[in-house]
Amino acid sequence: FTDTDQVQSQLSFVVVVAIDFGTTSSGYAYAFTKEPECIHTMRRWEGGDPGVSNQKTPTTILLTPDRKFHSFGYAARDFYHDLDPSESKQWLYLEKFKMKLHTTANLSIDTDLHAANGKRVKALDIFAYALAFFKEQALKELSDQTGSEFDNNDVRWVITVPAIWKMPAKQFMREAAYKSGLVSHENPEQLIIALEPEAASIYCRKLRLHQMVDLGTQSSQNGFNPPDNIGSGMTQAKEHVRRNRQSRTFLVENVIGELWSELEEGDRYVVVDCGGGTVDLTVHQIRLPEGHLKELYKASGGPYGSIGIDYEFEKLLCKIFGQDFIDQFKVKRPAAWVDLMIAFESRKRAAAPDRTNPLNINLPFSFIDYYKKFRGHSVEHALRKSNVDFVKWSSQGMLRMSPDAMNSLFKPTIDHIIQHLTELFEKPEVSDIKFLFLVGGFAESPLLQHAVQNMLQGRSRIIIPHDVGLTILKGAVLFGLDPSVIKVRRSPLTYGVGVLNRFVEGKHPQEKLLVKDGTRWCTDVFDTFIAADQSVALGEMVKRSYTPAKPSQQVIVIHVYCSEKESVGFISESGVRKCGTLRLDVSGTESTAPRREIQTLMQFGDTEIRAMAVDVSTGRTVKSSIDFLSH
C-alpha cells in the first residue's frame with residue numbers, strides 16, 4: 001500500500017458504512033463519499049427500553065434450536081422473552097459475548113461461547129451472524145435511500161474494536177467478516193478495522209461547542225463541581241439531544257470546530273472511551289492545519305466497562321439468595337434472568353452522586369416463585385436474614401436499594417478506571433494535557449464523571465460530546481473516509497523473530513552456542529522488528545530478507561514472537577511468547593539464482609499488522625501472510 005493506492009482504493013467506494021459492534025449495544029452509521037460531511041446514523045430500531053434512548057440496539061442474538069440465525073437486538077430479546085419456559089431452554093440466546101475475544105488467552109478460530117441455556121456455540125458463527133445482520137440492515141437502508149438495489153461492492157466497511165485488543169482478536173473480527181460475506185478474501189482492503197478511541201478522537205477534534213458539555217465551565221472555584229449541579233449540564237445536553245433526535249443526520253463541519261480555535265499546533269489530549277466491556281485510553285497530539293493526529297503513548301486500558309457493575313449486582317444477589325440458587329435460576333429460567341438484568345439496567349442509569357432516594361428493582365414473579373420452591377422460604381425472608389444492609393424488601397415486591405448500595409456496585413469498576421487514569425497521567429509522555437474527552441456509553445454516568453473530575457482537580461478540561469454513545473460510530477465513518485488522518489502510532493508490543501547470529505565470546509551465553517560445519521553460532525537471538533511503545537509512521541516498512549533453506553522449498557514459515565518488554569535479547573526470555581506465523585509462499589518462483597532472497601516488508605503503523613514479500617532476483621511478488629490466530 002502506498003499513499004496513492006489508498007487514494008485510488010477510496011475512490012471506488014460510493015459509501016462508507018461503519019459498524020460499532022459493542023459489548024452491550026451495537027449500531028451502524030454511514031456517509032456517501034460525495035458528501036463526506038454528512039453522517040447518517042442508522043434508522044430507529046423496533047423496540048426500545050425505558051430510560052435508554054439511543055439509536056443503538058442491544059448486542060443480543062437468538063438462534064433457533066437447530067442453530068440457525070433467528071434475530072438480533074430488541075427483536076431477539078423480546079422473542080426470547082415471550083417463549084414458553086419449556087421452549088426457551090432449546091433456543092440459543094447470547095449477550096455480552098464480545099468480551100470473550102478480549103479475555104480468551106489463546107483465541108482461535110474454534111473458540112466457543114456459551115448461550116444462556118448453557119449450550120456451546122462457535123464464536124466465529126455468532127460474530128458472522130451478527131455482521132451479516134448489520135450488512136443486511138445497512139444495505140436495505142441504502143437501497144431505500146438511493147431508490148435501487150445497493151451493491152455491496154460499492155461499500156467500504158469499517159468495524160470498530162477496542163485499541164487494547166491484541167492482534168488475534170482483531171484478526172478474528174476480520175475472519176468473521178469474511179465468513180459473513182461482508183467482504184471477500186480477495187478484497188481485504190474493502191474492510192478496515194478501526195480502533196474505538198481513535199475513531200472517537202477523530203470525531204472529537206471536529207466538535208463544535210454546541211455539540212458537547214464542558215464540565216469545566218460549570219465548576220466552582222475548587223476545580224470540580226459542587227455535587228448539586230453535576231448533572232445540570234448533562235440535563236441541558238439531554239434536552240438539546242431530545243429536540244434534535246428526529247434528525248439522524250449529523251453535519252460534521254469541515255472548518256475545524258470552535259473548540260479547535262483553542263487548539264494550537266502540538267496540543268495534546270486524552271480520549272477515554274468507556275464502553276460496556278472495556279475502557280480504552282488514547283493520547284493524541286494534533287498537527288495543524290490539517291488536523292492530523294499522532295499517538296504519544298501506546299493504547300492502554302482494560303476490562304473495566306460498565307458490565308462490571310452488572311457482575312457486582314449479580315454478586316450481591318448471590319450474597320443474598322445464595323450462589324447455588326442464582327446459578328440454577330439463570331439456567332432454568334434464562335428469560336426471567338434477562339428480565340431482571342433489564343430492570344437493573346434502567347435503575348443503574350438513575351444512579352448519581354447526589355441521589356438521596358432509594359432505587360427500586362422489580363423482581364420477576366418467576367424469581368420469587370422459583371426461590372420459594374428452591375429454598376422453601378420467601379424472598380422476603382432471605383433479605384431479612386442476609387446481612388446485606390442497604391438492600392430491603394419493599395411491600396410492592398421490589399428490591400429496594402439505597403443510593404449507597406447502588407454506588408458501591410459502581411465502585412470497583414470506577415476505581416479501576418481512576419487508578420488507570422492516575423497512572424497514565426504520571427507518564428512523562430502524558431504531560432500538559434489540554435482536554436480529556438470522555439466518550440462511550442458509560443461516559444454518561446454522573447458517578448464516573450464526578451470521579452474523573454475529582455481525580456483531575458482541574459488539570460485538564462473534561463469534554464463530553466452530547467451524543468456520547470454515537471461518538472465512536474461517527475468517528476469510524478470519518479476514519480473510513482480518510483484512514484490516513486492518524487499519521488503516527490505507537491506499537492503496543494515488541495515484535496520480532498528468532499535468528500542465528502555469529503557467536504561472540506563474552507557477549508553471548510555459552511548455553512546458546514551451536515557449532516555447525518565449524519562455524520560457531522548463537523541460537524535464539526531475538527531480531528526486533530519493532531519495540532513496544534516505539535513510534536511508527538503510517539506506511540513505514542520493516543524490511544527483512546529470508547532465504548529458503550533448500551532450493552526445492554515451497555513455503556517459508558517463520559514464527560513471530562512478541563513481548564510487553566521494550567528490549568528483548570533472546571526468544572527464550574520470560575515474557576516472550578510465540579504469537580504469530582509469517583508464511584511466504586515461494587512455490588513457482590524457482591530461479592536460476594544460486595541463492596534466492598525473499599525480501600519481506602512488514603507494516604506496523606496501521607490498525608492491523610500486514611506483510612508483503614518480493615523475490616529479489618525476479619522482482620515478482622511472493623504471496624505472504626501474517627497470521628495471529630492459532631488454528
Side-chain angles (χ1 to χ4, degrees), residues 13-49 52-59 72-75 130-131 133-146 150 155-161 182 192 194 196-208 210-212 237-254 257 273 275-276 437 439-444 464-482:
F13 301 112
V14 178
V15 69
V16 169
V17 182
I19 299 174
D20 176 2
F21 191 135
T23 302
T24 48
S25 64
S26 296
Y28 65 86
Y30 59 94
F32 292 96
T33 44
K34 286 202 168 54
E35 320 173 76
E37 57 293 327
C38 222
I39 300 176
H40 309 262
T41 55
M42 60 195 228
R43 300 180 205 189
R44 284 299 281 167
W45 294 74
E46 65 318 352
D49 274 356
V52 181
S53 59
N54 68 9
Q55 246 98 20
K56 288 160 86 181
T57 188
T59 307
F72 188 92
Y74 290 117
L131 291 173
F133 170 78
F134 278 109
K135 174 188 171 183
E136 190 193 354
Q137 294 291 326
L139 288 177
K140 240 196 267 173
E141 182 172 340
L142 288 166
S143 300
D144 292 350
Q145 279 252 337
T146 53
F150 205 88
V155 181
R156 161 169 266 170
W157 293 97
V158 180
I159 298 175
T160 64
V161 304
L182 199 69
I192 299 181
E196 287 157 11
E198 283 192 0
S201 172
I202 293 168
Y203 179 69
C204 285
R205 73 191 168 101
K206 296 233 174 169
L207 277 178
R208 293 185 72 101
H210 60 79
Q211 295 172 310
M212 63 192 192
K238 288 213 171 82
E239 261 319 298
H240 173 87
V241 176
R242 205 165 284 130
R243 285 198 299 275
N244 296 347
R245 182 144 317 116
Q246 284 59 46
S247 150
R248 291 184 299 113
T249 304
F250 296 85
L251 281 169
V252 177
E253 284 102 17
N254 265 334
D273 169 19
F437 291 103
V439 304
F442 191 18
E444 288 181 271
I464 304 169
H466 275 326
D467 40 10
V468 63
L470 299 175
T471 305
I472 287 154
L473 208 39
K474 295 182 207 166
V477 173
L478 293 172
F479 183 66
L481 290 164
D482 178 18

Taking atom [atom1] of [X] and atom [atom2] of [Y], what is their separation to the nearest 0.5 Å?
| X | Y | atom1 | atom2 | result |
| --- | --- | --- | --- | --- |
| Ile39 | Leu481 | CD1 | CG | 7.5 Å |
| Thr33 | Phe13 | OG1 | CZ | 10.0 Å |
| Leu478 | Leu473 | CG | CG | 10.5 Å |
| Leu470 | Lys56 | CG | NZ | 6.5 Å |

Check whether any side-chain heavy atom of [X] sits under 4.5 Å from a side-chain heavy atom of [Y], and report yes or no.
| X | Y | answer |
| --- | --- | --- |
| Leu182 | Ile159 | yes |
| Leu139 | Val155 | yes |
| Glu198 | Glu196 | no |
| Gln137 | Glu141 | no |

Check your understanding: Just by distance, do the side chain of Ser25 and the backbone of Thr59 share a donor-acceptor pair under 3.5 Å?
Key ->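 Judged by distance alone, no pair lies under 3.5 Å.
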Exercise for review: Look at the side chain of Ser143 and the backbone N and O of Phe150, then say whether any donor-acceptor pair between them is shorter than 3.5 Å.
Suggested key: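 Such a contact is found between Ser143 side chain and Phe150 backbone.
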**Study point:** Test log, rule side chain to side chain contact (heavy atoms under 4.5 Å, CB included), inputs Leu142 and Phe32
**Key:** CA-CA 10 Å; Leu142 288 166; Phe32 292 96; 3.7 Å; yes
Testing the basics here: between [X] and [Y], what is the closest heavy-atom pair and its distance to 0.1 Å?
| X | Y | answer |
| --- | --- | --- |
| Gly73 | Thr57 | CA-OG1, 3.4 Å |
| Gly276 | Thr24 | CA-OG1, 3.8 Å |
| Thr160 | Ala476 | CG2-CB, 3.6 Å |
| Val439 | Cys204 | CG1-SG, 4.0 Å |
| Ala130 | Phe72 | CB-CE1, 3.7 Å |
| Phe21 | Ser26 | CA-OG, 3.6 Å |

Exercise for review: Determine, step by step, whether Val16 and Ile192 satisfy the side chain to side chain contact (heavy atoms under 4.5 Å, CB included) criterion, reporting the C-alpha distance in whole Å, the side-chain angles of both residues, the deciding distance to 0.1 Å, and the verdict.
Suggested key: CA-CA 10 Å; Val16 169; Ile192 299 181; over 6 Å; no
Exercise for review: Quick one: sort the Phe134 and Tyr28 rings into parallel, tilted or perpendicular, breaks at 30° and 60°.
Suggested key: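 Perpendicular.
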Practice item. Classify the angle between the aromatic ring planes of Tyr30 and His40 as parallel (below 30°), tilted (30 to 60°) or perpendicular (above 60°). Key: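 Answer is parallel, since the angle falls under 30°.
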